[in-house]
Amino acid sequence: MGIETKSTKRAFGGTQGTYTHDSEVIGLPMTFNVYVPPGEGPFPAVYFLSGLTCSPENFTTKAGAQRVAAELGLVLVMPDTSPRGAGVPGEDDGWDFGSGAGFYVDATTPGYRDHYKMYSYVTEELPRLVAGSFPVNGRRAITGHSMGGHGALIIGLKAPTAWASVSAFSPICHPSECPWGDKAFTGYFGDRASAGAAWSDHDATELVARHQHPAPILIDQGLEDGFLADGQLRPEDFEAACARAGQAVRVRRHEGYDHSYYFIASFIEEHLRFHAEHLASSAA
């Protein structure tokens, strides 16, 4: 699996790059960003999954994560949020479904199942590609924002030995019970009655009853987040489910912060230090 380098920039002694490749899983070209810190490596990696309407550029250019990653010796991996140009009828009709909104699932409905396989892409193909092309040591952690926070939670819970730690910013915690999730899961899996276990298998609040992570999960949530107020995020549901399942979780609520990248930039350093600690302990 070869990659093409689209651009590289020097940042805090390391290299921030944008790369493309022909994805076997997706069946289309995919773009992703990687930051490699200074030094010889190999380094552990932190994957960041972005939210609705985003691309790899949002976190790369707005979060200010490279400075801390350079200090801690972390590779940052930023995939796209969906296939692009799949040609599925309706994929560009709305901002909260289809292009830019892959929800980090493997779709099973006609049309979408051919290309919308972001779960397998993030958990299987991209790590293999990164391992073959960048100085990583095989230890990984995962985080994300909003839809990407949902992705980080389900990916970390379903494969706790593959990811040393899990965190999220303003995650969609209970997609089966919110408008965004209902639209996405219906479109990618079919209605809940006919989709079998697909909905609950991709819903962190329902999944944690069956799968836990050995490390505590860290979540940051802004209290001025409009999507919190309208019921899209539902962190209280996940907290309650974790308590029932015995999953350690810390949900930090912040007065005055909203859903924007100003919020992420304010707390990304703490998340990277959290992951660096767990990545170091996983090497012991």
**Asked** Judged by atom type as modelled, is there a donor-acceptor pair below 3.5 Å linking the side chain of Gln232 to the main-chain atoms of Pro175?
**Response** no
**Prompt:** Would a distance-only check, ignoring hydrogens and angles, find a side-chain to backbone donor-acceptor pair under 3.5 Å from Arg139 to Leu279?
**Reply:** yes
**Prompt:** What do you reckon, are the aromatic ring centroids of His202 and Phe189 less than 6.0 Å apart?
**Reply:** yes
**Request:** Step through the shown structure and confirm whether more than 12 heavy atoms of other residues, nucleotides or ligands are within 6.0 Å of CZ on Phe263.
**Result:** yes
**Asked** Where the side chain of Gln16 meets the backbone of Val34, is there a donor-acceptor pair that is under 3.5 Å apart?
**Response** yes
**Asked** Tell me, do His174 and Phe238 make a side-chain contact under 4.5 Å, heavy atoms counted?
**Response** no
**Message:** Given 3.5 Å as the limit, does a donor-acceptor pair link the side chain of Asp203 with the main chain of Ser176, or not?
**Reply:** yes
**Message:** Please confirm whether the ring centroid of Phe103 lies under 6.0 Å from the ring centroid of His150.
**Reply:** yes
**Asked** Under 3.5 Å, side chain of Asp106 to main-chain N/O of Tyr119, donor-acceptor pair present?
**Response** yes
**Test log, rule side-chain contact (heavy atoms from CB on, under 4.5 Å), inputs Leu233 and Ser170** = CA-CA 7 Å; Leu233 307 179; Ser170 311; 4.2 Å; yes
**Message:** Do Ser23 and Leu129 make a side-chain contact, defined as non-hydrogen atoms from C-beta onward lying under 4.5 Å apart?
**Reply:** no
**Request:** Assess the side chains of Asn33 and Thr60: does a donor N or O sit below 3.5 Å from an acceptor N or O?
**Result:** yes
**Message:** What's the separation between atom OG1 in Thr61 and atom CD in Gln66, rounded to the nearest 0.5 Å?
**Reply:** 8.5 Å
**Minimum heavy-atom distance Ala69-Pro37, with the two atoms named** = O-CB, 3.8 Å
**Gln247 vs Leu157 side-chain heavy atoms within contact, under 4.5 Å** = yes
**Prompt:** Parallel under 30°, tilted from 30 to 60°, perpendicular over 60°: which one fits the rings of His275 and His271?
**Reply:** tilted
**Lys/Arg N to Asp/Glu carboxylate O, Glu239 vs Arg253, below 4.0 Å** = yes
**Asked** How about Arg250: does its CZ atom have over 12 heavy atoms from other parts shown lying under 6.0 Å from it?
**Response** no
**Asked** Does Cys54 offer a backbone N or O that forms a donor-acceptor pair with the side chain of Thr81 under 3.5 Å?
**Response** yes
**Asked** Is any side-chain heavy atom of Ile26 less than 4.5 Å from a side-chain heavy atom of Pro83?
**Response** yes
**Request:** Give the minimum heavy-atom separation between Ala164 and Ala215, together with the two atoms involved.
**Result:** O-CB, 3.8 Å
**Message:** I'd like to know whether the aromatic ring centres of Phe12 and Tyr35 sit less than 6.0 Å apart in this structure.
**Reply:** no
**Asked** Is there a side-chain contact (heavy atoms from CB on, under 4.5 Å) between Arg84 and Ser55 once you walk through the steps?
**Response** CA-CA 10 Å; Arg84 305 286 175 170; Ser55 75; 4.1 Å; yes
**Request:** Find out whether Asp191 and Trp199 are in side-chain contact, i.e. whether some heavy atom of one side chain is under 4.5 Å from a heavy atom of the other.
**Result:** no
**Request:** Examine Phe134 together with Tyr19 and report whether their ring centres are nearer than 6.0 Å.
**Result:** yes
**Trp180 (side chain) donor-acceptor with Phe97 (main chain) under 3.5 angstrom** = no
**Request:** Could you identify which residues cluster with Leu218, counting Ile, Leu, Val, Met, Phe, Trp and Tyr as linked when any side-chain heavy atoms lie under 4.5 Å apart, either directly or through a chain of such contacts?
**Result:** Phe274
**Message:** Between Ser50 and His145, is there a side-chain heavy-atom distance shorter than 4.5 Å?
**Reply:** no
**Request:** Heavy atoms only: give me the nearest Ala65-Ile268 pair and the separation to one decimal.
**Result:** CB-CG1, 4.0 Å
**Non-hydrogen atoms of Asp22 and Pro29 that approach each other most closely** = OD1-CG, 3.7 Å
**Message:** Taking Ala86's backbone N and O only, do any of them form a donor-acceptor pair with Glu91's side chain (distance below 3.5 Å, no angle check)?
**Reply:** yes
**Request:** With rounding to the nearest 0.5 Å, note down the distance linking OG1 in Thr123 to CZ in Arg140.
**Result:** 8.0 Å
**Prompt:** Looking at His21 versus Phe32, is the centre-to-centre ring distance below 6.0 Å?
**Reply:** yes
**Item:** Verdict with reasoning, Lys117 to Glu124, per salt bridge (charged side-chain N to carboxylate O under 4.0 Å, His left out)
**Value:** CA-CA 11 Å; Lys117 302 176 182 177; Glu124 299 175 13; over 6 Å; no
**Prompt:** Taking only residues two or more places apart in sequence or in another chain, which ones pass side-chain contact (heavy atoms from CB on, under 4.5 Å) with Ala45?
**Reply:** Tyr47, Val75, Val77, Val136
**Evaluation steps, side-chain contact (heavy atoms from CB on, under 4.5 Å), between Thr205 and Arg234** = CA-CA 9 Å; Thr205 295; Arg234 305 177 75 96; over 6 Å; no
**Message:** Among Arg192, Lys158, Arg210, exactly one meets salt bridge (Lys or Arg N to Asp or Glu O under 4.0 Å) together with Asp201. Which residue is that?
**Reply:** Arg210
**Message:** Would the distance check show the side chain of Arg113 and the main-chain N or O of Tyr116 forming a donor-acceptor pair, the cut-off being under 3.5 Å?
**Reply:** no
**Request:** Please tell me if the side chains of Ser146 and Phe227 come closer than 4.5 Å, counting only heavy atoms from C-beta onward.
**Result:** no
**Message:** Do Ile219 and Val249 make a side-chain contact, defined as non-hydrogen atoms from C-beta onward lying under 4.5 Å apart?
**Reply:** yes
**Verdict with reasoning, Glu270 to Arg252, per side-chain contact (heavy atoms from CB on, under 4.5 Å)** = CA-CA 12 Å; Glu270 294 174 43; Arg252 307 191 302 183; 2.6 Å; yes
**Message:** Does the plane of the ring in Phe267 sit parallel, tilted or perpendicular to the ring in Tyr257? Use 30° and 60° as the thresholds.
**Reply:** perpendicular
**Message:** Would the distance check show the side chain of Ser165 and the main-chain N or O of Ala141 forming a donor-acceptor pair, the cut-off being under 3.5 Å?
**Reply:** no
**Asked** Of all heavy-atom pairs between Met147 and Gly100, which one has the smallest distance, and what is that distance?
**Response** CE-O, 3.9 Å
**Request:** Taking all non-hydrogen atoms of both residues into account, name the closest pair between Ala241 and Val208 and its distance.
**Result:** CB-CG1, 3.6 Å
**Item:** Hphob cluster co-occupancy, Tyr262 + Leu52, side-chain heavy atoms under 4.5 angstrom
**Value:** no
**Residue pair Asp92 / Ser99, side-chain donor-acceptor N/O under 3.5 Å** = yes
**Item:** Pair Arg273-Glu269, salt bridge (charged side-chain N to carboxylate O under 4.0 Å, His left out): steps then yes or no
**Value:** CA-CA 6 Å; Arg273 293 190 184 280; Glu269 179 170 351; 3.0 Å; yes
